[in-house]
Amino acid sequence: AAVHGGINAFTFRSDGVDVRPLSLAAESSDALRERFLLFYTGGSRSASRVLSDQVTRTLAGDTEVRDNLRRTAALARETCAALEAGDLDGCGELMNRSWETKRARAAGVVPPALADLRDHALDRGGSGAMLMGAGGGGFLLVLAEDPVRLRSAMSEAGVAELTFDLDGEGC
């Protein structure tokens, strides 16, 4: 993602990756810059155990994992469409659905304190939230309905915000 820059849809194939830049209106890009907030949860865990289990189950033909991955891909396509339509409220709901789908794929990975932190963000101005990565910790990405209120609530909870921006050029 860092190589390409911008906001892109990635399609993974057995022989490579297709990258499609999303076409967003300037208002949508500005809204994403304002409303997407990233918080450091204060912890990290190794993703290798989680991913190893998923790979093993996928290679073994586990239909539950296969169906979950297909739902994940469909939600990603819906999210791209919502972003290109400027529907950030729909994007928040899709983030939540994607999060629940990811959790179902790796049951028990998310420590209760991190699930509580996600709920805290949603209760205080977030319309969508998901922990990033496979290791069950690290960073919480929140789409905020009210960024000021959410920043205040997360600060009071002792959670540090990491500022970032959208890079259109890549490296």
Rounded to the nearest 0.5 Å, what's the gap from SG on Cys171 to NE2 on His4? Could you check? 9.5 Å
Single-linkage hydrophobic cluster Leu37~Val159, side-chain heavy atoms < 4.5 angstrom: yes
According to a hydrophobic-cluster definition based on side-chain heavy atoms being under 4.5 Å apart (Ile, Leu, Val, Met, Phe, Trp, Tyr only), do Leu75 and Leu83 belong together? no
Heavy-atom closest contact (Pro21 atom, Asn8 atom, distance): CA-OD1, 3.1 Å
First locate atom CH2 of Trp99, then atom CG of Leu140, and finally report the distance between them rounded to the nearest 0.5 Å. 8.5 Å
Audit row: Thr11, Arg77, side chain to side chain contact (heavy atoms under 4.5 Å, CB included) steps and yes/no: CA-CA 10 Å; Thr11 302; Arg77 288 187 294 273; over 6 Å; no
Indicate, with yes or no, if Met132 and Leu69 share a hydrophobic cluster defined by side-chain heavy-atom contacts under 4.5 Å among Ile, Leu, Val, Met, Phe, Trp and Tyr. no
Indicate if Leu38 and Leu122 have the same hydrophobic cluster label, given that clusters are the connected sets of ILVMFWY residues with side-chain heavy-atom separations under 4.5 angstrom. no
From Met154 atom CE to Leu117 atom CG, the distance as rounded to the nearest 0.5 Å: 4.0 Å
Closest contact, heavy atoms only, Cys91 versus Ala82: N-CB, 4.2 Å
Side-chain heavy atoms nearer than 4.5 Å, only ILVMFWY residues, links allowed to pass through others: does that put Leu88 and Leu24 together? yes
Nearest-0.5 Å distance that lies between atom OG in Ser127 and atom CD in Glu145: 5.0 Å
Locate the shortest heavy-atom distance separating Arg105 from Thr72; write the atom from each residue and the value. NH1-OG1, 3.0 Å
Please answer whether the main-chain N or O of Lys102 pairs with a side-chain N or O of Asn68 as donor and acceptor at a distance below 3.5 Å. no
State yes or no: are the ring centers of Tyr40 and Phe139 separated by less than 6.0 Å? yes
Between Ser155 (side chain) and Arg151 (backbone), is there a donor-acceptor pair under 3.5 Å? no
Heavy-atom closest pair (Gly125 atom, Arg149 atom, distance to 0.1 Å) is N-NH1, 3.7 Å
Atom pair CG/CZ of Leu131 and Arg118 - distance to nearest 0.5 Å: 7.5 Å
Can you spot which of Leu94, Leu22, Asp87 makes a side-chain contact (heavy atoms from CB on, under 4.5 Å) with Thr79? Leu94
Share the residues that join Val17 in a hydrophobic cluster, the rule being Ile, Leu, Val, Met, Phe, Trp or Tyr side chains under 4.5 Å apart at the heavy-atom level. Phe10, Phe12, Val19
Heavy atoms of Gly86 and Ser28 approach each other most closely as CA-OG, 3.3 Å
Taken in chain and number order and not counting sequence neighbours, the residues that satisfy side chain to side chain donor-acceptor pair (under 3.5 Å) with Arg124 are His120
Nearest 0.5 Å please: distance from the CZ atom of Arg66 over to the CZ atom of Arg71. 11.0 Å
Smallest heavy-atom separation, Ala129 atom then Asn96 atom, equals N-OD1, 3.1 Å
